[in-house]
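The structure under discussion appears below in the form of structure tokens.
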Amino acid sequence: MGGFPILSLMLLVPLVGAVACLFAEAKTARLIALVATLIDFALGIVLWLNFDVGGAQWQFVEKVPLFAGFSYALGIDGIALLLIVLSVFLMPICIGASWNSITKRVGEYFAAFLLMEVLMIGVFAAQDLYLFYIFFEAGLIPMYLIIGIWGGDNRIYASYKFFLYTLLGSVLMLIAMMWMVHEAGTTDIPTLMSYDFPAHAQTWLFLAFFASFAVKMPMWPVHTWLPDAHVQAPTAGSVILAGVLLKMGGYGFIRFSLPMFPEASAQFAWLIYALSMAAVVITSLIALVQHDMKKLIAYSSVAHMGVVTIGLFAFNTQGLEGSMIVMLSHGLVAGALFLCVGVIYDRLHTREISRYGGIAINMPKYAMFFLLFTMASIGLPGTSGFVGEFLSLAGVYQISTWVALVCTTGIILGAAYMLYLYRRVAFGEQKNADAAAMPDIDKREWIMLGALAAAVLWMGVYPESFLAPMRKDIAALDARLARAAPQGDSHLKIGKPKPVEEHAAQGGAH
Amino acid sequence: MDFAASLKLIAPELLMSVSGLVLLLVSAWAGDKASRAISVAAAVVLGACFFLVAPAVCSGASGPDTLAFGGQFSADAFAGLAKLMIFAAGGAALVIAPAFFERFNAMRAEYPVLVLFAVLGMSIMVSARDLITLYIGLELNSLAAYVLAAFLRTDDRSAEAGLKYFVLGALASGILLFGMSLTYGFTGTTSFEGIRVALNGEMAMGALFGLIFMLAGLAFKISAVPFHMWTPDVYEGAPTPVTAFFASAPKVAALALTMRVTLEAFGAQEEAWRQIVIFAAIASIVIGALGAIGQSNLKRLLAYSSINNVGFILIGLAAGTPAGASAMLVYLAIYVAMTVGGFVAVLMLKDENGNQVEAIADIAGLSRTRSALAFCLMLVMFSLAGIPPLFGFWGKFVVFQAAVNAGFVALAAIGIAASVIGAFYYIKVVKVMYFDEPADVVKGESDWAHWALLAISALAISPLGYLLTPWLGNLADKAAAVLFLGV
């Protein structure tokens with residue numbers, strides 16, 4: 001640990017890179033971006049290795065009173081650590097994904113991405129309420145530019161929708177934050193996490209935060225910006241959007257809504273359940289009928305986020321851990337799936353599912369990766385998706401069997417739309433000559449997909465590596481929520497156990 | 001009252017009056033050839049005044065030592081901070097003007113002198129502690145401003161703007177004067193302190209009317225809804241350097257004056273003016289935002305944007321607390337930087353013949369042809385929209401925080417939700433510059449002075465501005481405290 005400001009350094013490296021990219025030629029800009037993100041990834045590894053599992057709750061703390069009204073305070077717990085590692089892991093892949101496909105205004109493009117990285121790390125590392133808000137909100141600018149400049153045909157509409165939707169969601173949260181700071185007299189997030197706000201105020205505060213996080217998450221029915229933004233964004237934009245930006249909503253719930261307003265969280269759990277159930281079933285059905293690959297995956301993201309929210313509001317350890325793992329897993333898997341779409345989009349320049357078919361024949365390596373990520377998205381045991389979804393659903397089952405039942409149908413529907421997608425793209429006859437002529441993945445694509453595949457399998461086979469750093473934080477959150485946790489709906493009656501002797505006698509008889 | 005002490009307190013104003021008169025004589029004798037030299041001289045005078053005022057601001061001067069001429073004029077920290085902003089904005093108006101007017105062969109020696117007198121009027125306005133001082137300052141400023149609006153004599157739009165501004169401005173002055181006379185009639189005094197004492201307790205209906213008429217007149221000067229109609233026309237018609245001046249310095253002066261009138265003179269009757277201010281604030285935010293959506297001219301867009309911004313500043317006034325007043329001053333300082341940056345950027349948009357480009361459609365794809373200029377304009381737009389990490393966010397932040405801390409949570413929530421409407425047109429400008437195909441109209445070059453001003457404002461509104469917050473907040477707190485001494 002020590003006093004080395006590693007978090008600030010992680011913010012500084014991409015920032016410097018962003019400025020350098022602005023002034024650089026296309027070729028150098030690519031290189032600068034790659035080097036900056038790789039350095040940040042290396043720093044992320046160092047961060048993880050030096051994170052003292054089971055040690056202090058907040059580590060790598062930095063605090064400098066630079067500004068009036070709030071301070072430059074950084075620090076991470078296990079939850080933030082994992083999300084930061086996810087971000088820095090995905091960033092070099094994003095840069096790789098844009099290596100050849102971005103040909104216009106390259107310097108600005110990579111500058112926007114590096115700026116995005118600064119802000120993402122800032123969101124997860126901020127320990128000051130207002131600093132968090134600034135990072136959280138500032139992400140709008142680079143993302144607006146990324147969608148608007150380098151997006152598809154309908155990019156203008158999508159960028160407006162993305163910007164205004166998320167802005168409207170966030171501003172109310174700002175007012176709520178001001179009220180909280182006024183009431184509690186501090187902007188320090190750890191202090192606020194243990195501050196007990198009056199129950200009636202919690203209701204309003206919860207709703208204000210909910211407005212922001214539900215849009216960011218996104219939850220049904222305020223998810224409509226997501227498919228538009230995804231479809232229009234360039235591949236790397238989609239990866240970062242699905243991989244990290246959506247996690248900000250979940251992170252917001254787990255960092256703010258739950259610990260700061262436990263009573264209100266319990267009060268509104270029904271709302272979360274209802275919206276999540278609707279999300280899981282409805283968006284899965286919508287995904288089933290999509291003709292556009294990116295749209296399909298975007299809708300599947302909304303469904304997966306529904307699983308995250310029910311896990312979060314299960315008020316128990318399994319649910320919370322499960323939703324964290326779903327978030328991490330979805331970051332990897334959805335990112336990988338968008339990358340898979342990007343790979344064939346770069347070759348054929350269409351996302352229409354019907355324009356492909358039978359590409360397993362001419363792109364066997366690609367088909368293998370695509371299959372792995374399809375299975376991970378469905379939640380096949382052995383992949384990361386299974387661990388998270390299982391824990392999440394197991395968590396919510398203790399609270400409400402009905403919610404668990406409905407959400408489980410989402411998993412089945414998920415299998416339906418993903419397998420259907422895979423069949424149409426990779427299997428069957430090669431009905432399109434140009435699709436049949438596509439070359440298999442090259443080394444660059446192999447490295448990106450291989451890295452993601454390794455991470456997915458690692459998380460699926462040995463999730464303990466990811467559960468360990470956050471176990472203590474989840475336990476602390478669980479303890480904080482205990483006083484408000486709702487009763488489960490399955491009223492278990494403990495029956496009289498049969499007398500032991502009889503049991504043993506029977507066993508002996510047979 | 002020691003006369004020498006009084007004269008010492010008004011040293012900046014004296015300096016401006018004397019040098020204004022001298023420069024007027026110079027311009028009469030030397031003619032338009034000397035206009036550049038006179039501009040430089042006027043800028044030097046403003047710079048000198050800046051340093052004359054600065055010590056009072058830093059030390060947070062207040063109390064009887066700052067009162068001149070029997071309490072009619074106050075050179076306290078509050079007035080000082082407002083003056084610093086006014087001088088800076090006035091200086092910017094002097095720097096950007098010559099290049100613009102010389103194209104029309106209209107750079108006349110009167111321009112810097114008029115700016116100087118307008119600044120002098122504003123400087124008196126913000127120091128006023130008496131209705132008469134207030135009116136003298138306001139009229140001195142307005143008379144200079146009417147002429148400035150019509151300064152481009154060959155341009156119909158400029159003449160129209162001057163006339164419109166004059167007619168409506170005179171009407172507003174009349175309303176204000178009527179309100180003042182009612183107030184005087186019901187309180188028996190013109191001094192702010194006397195009015196405050198006289199209005200303790202129940203407020204007479206006549207005094208209430210006086211207050212309402214005064215607020216109406218002031219609302220015209222700050223272009224708050226429902227007295228905003230002149231703003232887009234005048235801003236569009238007036239020569240761009242003059243518009244930049246109108247959008248910055250007089251806004252500061254009139255808002256500072258409004259703060260003095262409401263918080264000092266009518267400070268004991270908060271409830272009487274609060275609902276008016278709340279209405280004006282919300283209406284300005286909403287109408288400023290909605291009106292801007294359909295605009296195709298950048299100057300008109302910035303005019304609506306200034307209406308919108310005034311709405312946010314008034315939210316700080318509605319709070320009616322020292323924190324609210326301090327937040328208004330912080331917002332004003334940031335607003336001046338954003339406005340100067342925005343208008344300088346507009347001035348730098350020139351086609352190949354050097355004509356000004358004002359249509360939004362003509363800056364399409366600017367990011368590819370003039371990337372530095374587009375980048376600065378983008379910073380200004382996002383900053384005006386209040387998106388962090390740009391500094392414009394901080395202005396909104398402090399204002400809303402003051403409102404929330406004073407218990408006006410609903411007002412803050414409505415105001416901030418309405419700010420999303422405004423974001424729409426700001427990002428539209430960014431969209432045009434960054435997403436659209438280049439129209440390739442903007443080709444003209446600009447001189448170093450414009451670039452320097454643009455760079456300074458861009459740096460100020462960049463995230464680096466946050467490093468200024470402790471210092472700025474401290475100055476504003478000290479200045480705002482002056483207004484609440486009588487409480």
Side-chain angles (χ1 to χ4, degrees), chain A residues 15 22-23 65-72 104-105 107-108 111 115 118-119 122 130-131 133-141 144-145 147-151 155-157 159-160 162-183 201 204-205 208 211, chain B residues 326-327 330 367-368 371-372 375 378-379 381-382 385-390 393-394 396-398 400-424 426-428 430-432 434-436 463 465-474 476-477:
Chain A
L15 188 64
L22 263 187
F23 296 102
L66 271 184
F67 316 110
F70 68 107
S71 54
Y72 177 79
K104 57 169 190 174
R105 300 157 89 177
E108 289 170 314
L115 190 60
V118 177
L119 300 172
Y130 294 142
L131 191 67
Y133 183 83
I134 289 175
F135 281 128
F136 187 76
E137 205 49 358
L140 288 180
I141 298 176
Y144 172 72
L145 296 175
I147 298 174
I149 301 180
W150 297 278
R155 58 186 200 274
I156 310 259
Y157 171 74
S159 59
Y160 271 50
F162 166 77
F163 192 97
L164 296 175
Y165 238 85
T166 36
L167 180 65
L168 182 63
S170 315
V171 288
L172 290 175
M173 178 172 79
L174 180 63
I175 298 294
M177 284 180 170
M178 288 171 173
W179 192 89
M180 286 161 65
V181 170
H182 183 58
E183 165 86 13
W204 291 104
L205 296 173
Chain B
S326 158
V330 171
S367 67
R368 266 176 277 180
S371 52
F375 186 75
M378 176 180 79
L379 287 186
M381 287 299 153
F382 277 128
I387 309 292
L390 295 166
F393 167 71
W394 185 248
K396 291 201 170 58
F397 177 86
V398 284
F400 283 116
Q401 193 176 37
V404 169
N405 290 358
F408 295 95
V409 180
L411 170 68
I414 295 170
I416 205 160
S419 78
V420 177
I421 313 173
F424 176 75
Y426 294 122
I427 65 171
K428 189 177 115 185
V430 176
K431 172 229 150 199
V432 170
Y434 273 79
F435 304 173
D436 291 355
Y466 285 89
L467 297 174
L468 298 178
T469 51
W471 173 79
L472 190 62
N474 185 23
D477 281 345

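This one's a predicted model, so the numbers in the text were calculated from it and none came from an experiment. Every heavy atom of this structure was used, including side-chain atoms; hydrogens, water molecules and symmetry mates were not. In what follows, chains are A, B, ... by sequence order, proteins preceding strands, each numbered from 1.
- Contact of B:Ile421 with chain A is not made at all, since no heavy-atom distance falls under 4.5 Å.
- Proximity to chain B is absent for every atom of A:Phe23, based on heavy atoms less than 4.5 angstrom apart.
- Contacts of B:Phe393 with chain A are made by side-chain atoms alone, with heavy-atom separations under 4.5 Å and no backbone atom involved.
- Note: A:Gly148 leads A:Ala208, A:Gly148, A:Ala138, A:Gly139 in heavy-atom pairs under 4.5 Å with chain B.
- No part of A:Leu119 comes within reach of chain B, as not one of its non-hydrogen atoms sits under 4.5 angstrom from that chain.
- If you measure heavy-atom distances from A:Leu174 to chain B, the contacts under 4.5 Å come from the side chain alone.
- For the atom pair CD1 (A:Ile175) and CH2 (A:Trp204), the distance works out to 14.0 Å, reported to the nearest 0.5 Å.
- Between chain B and the residues A:Lys104, A:Glu108, A:Glu137, the largest count of heavy-atom pairs under 4.5 Å involves A:Glu137.
- In this structure, chain A has a heavy atom under 4.5 Å from the side chain of B:Trp394, while its backbone stays farther away.
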>> side chain to side chain contact (heavy atoms under 4.5 Å, CB included) for B:Tyr434 and A:Tyr144? Distances and angles first, verdict last.
In response: CA-CA 11 Å; B:Tyr434 273 79; A:Tyr144 172 72; over 6 Å; no

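- When B:Ile416, B:Leu468, B:Val430, B:Thr469 are compared by the number of non-hydrogen pairs under 4.5 Å with chain A, B:Ile416 comes out ahead.
- Of the two parts of A:Phe67, the backbone and the side chain both hold a non-hydrogen atom closer than 4.5 Å to a non-hydrogen atom of chain B.
- The part of A:Ser159 that comes within reach of chain B is its side chain, from C-beta onward, which places non-hydrogen atoms under 4.5 angstrom from that chain.
- Each of B:Pro389, B:Gly386, B:Ser371, B:Gly473 has some count of heavy-atom pairs under 4.5 Å with chain A, and the biggest count is that of B:Pro389.
- Residue A:Phe135 does not touch chain B at all, counting heavy-atom pairs closer than 4.5 Å.
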